[in-house]
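This is the structure I have questions about; it appears just below.
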Amino acid sequence: MEFKTHISVKNLSVFYGKEPALKNITVDIPDKKITAIIGPSGCGKTTLLKSFNRLVDSIDGIKVSGEVLVDGENIFDPEVEATHIRKKMGLLSQRPYPLPMSIYDNVAYGPRIHGMKDKKKLGEMVEHYLKESSLWSEVKDRLHTPASKLSIGQQQRLCLARGLAVEPEIILGDEPTSALDPKSSQRIEARFLELKKEYTIVVVTHILRQAKRLADYVIFLYLGELIEHGPAERIFENPKEEMTKEYIKGTIS
Ligand code: ADP
Ligand code: MG
């Protein structure tokens, strides 16, 4: 697959204390496509995702070596500020964590922090991003009620809206549908397929069927090692590595 690279990972190793969680990972992530990181539990998927926005920084005893270039800039360079990196990325975690405030304020939160004061514009932004997240029609009459009153599925879409309102370039999802019912999961997946026109999306999943539905490109991790990566179709139809074959067949998990 010929592509424009958005995130370039070079010889990335991550240690929690003495235990390696990622071993010398080198891989390029394509711009405006969906990349799925697959692999069994505990294999380093979350660690890899978190290293993209330097969330690994905040963990005690962690050691990182190698490079992650985002738009050509090494995010581990001490000159680069974490906030500058994080502004480029919206993160959806396994469970939604809406802020303890209204639906409206959740979406307005990022733009307000970045200095948006115009009330009318802010209202338009809130509407726009709630529409982008397929939540608008369900909440438009109760924007000023607490976000905590929403269902889990709606909360996850609200978190997506909150992330998009910061106008990132990259959406990171760490098993973002794992707490959701099938209908809510479908809504998130449908949004991802639409949003990839404008955003680079990296989604961790251990659901192979989800990876097949979503991914243009796949990274297979096993015990901290990158076993294989490439276009989704090639990986699923014609994996090169024995380990990938077995994982896709379901003989290892
Ligand atoms: P995955 O997302 O694929 O389940 P993780 O990236 O969460 O994998 O974890 C990879 C490995 O690193 C696991 O062995 C896990 O126990 C270990 N690990 C993850 N987070 C921490 C942490 N904060 N402290 C120590 N070990 C950790
Ligand atoms: Mg994980």
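In what follows, every heavy atom counts, from backbone to side chain, and hydrogens, waters and symmetry copies are set aside. Ligands are counted one by one from 1 in listed order, and the atoms in each one are counted from 1 as well.
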Could you tell me if Glu175 and Thr205 have a donor-acceptor pair between their side chains, going purely by distance under 3.5 Å?
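Checked: Thr205/Glu175 side chains show no N/O donor-acceptor pair below 3.5 Å.
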
Hey, is Glu228 close enough to Arg234 for a salt bridge, meaning N to O under 4.0 Å?
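Yes, this pair counts.
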
Determine, stepwise, if the pair Ile171 / Val203 fulfils side chain to side chain contact (heavy atoms under 4.5 Å, CB included).
CA-CA 8 Å; Ile171 301 170; Val203 61; over 6 Å; no

Do the charged groups of Glu198 and Lys32 touch, with an N to O distance under 4.0 Å?
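Here Glu198 does not pair with Lys32 in a salt bridge, since their nearest N and O are not under 4.0 Å apart.
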
Does a donor on one side chain and an acceptor on the other come within less than 3.5 Å for Glu167 and His114?
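No, no side-chain donor-acceptor contact under 3.5 Å.
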
Output, in order, the C-alpha distance, side-chain angles, deciding distance and verdict of ring pair (Phe, Tyr, Trp, His ring centres under 6.0 Å) for Tyr199 and Phe192.
CA-CA 9 Å; Tyr199 302 88; Phe192 277 10; 9.9 Å; no

Starting from the C-alpha separation in whole Å, work towards a yes-or-no answer on side chain to side chain contact (heavy atoms under 4.5 Å, CB included) for Lys245 and Glu242.
CA-CA 5 Å; Lys245 276 180 208 163; Glu242 205 50 44; 3.8 Å; yes

Protein N, O or S within less than 2.8 Å of the Mg ion (ligand 2), waters excluded
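Per the 2.8 Å query on the Mg ion (ligand 2), atoms found are Thr46 OG1.
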
Answer with yes or no after comparing the ring centroid distance for Phe220 and Tyr247 against a 6.0 Å cut-off, counting only values under it.
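For Phe220 and Tyr247, the ring centres are under 6.0 Å apart.
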
Check for me whether Lys33 meets the cation-pi criterion with Tyr217, that is, NZ or CZ under 6.0 Å from the six-membered ring centre and within 45 degrees of the ring axis.
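Geometry flag: not set, cation outside 6.0 Å or 45°.
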
How would you list, by chain and number, the residues with a heavy atom under 4.0 angstrom from ligand 1?
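Tyr16, Ala21, Pro40, Ser41, Gly42, Cys43, Gly44, Lys45, Thr46, Thr47, Ile59.
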
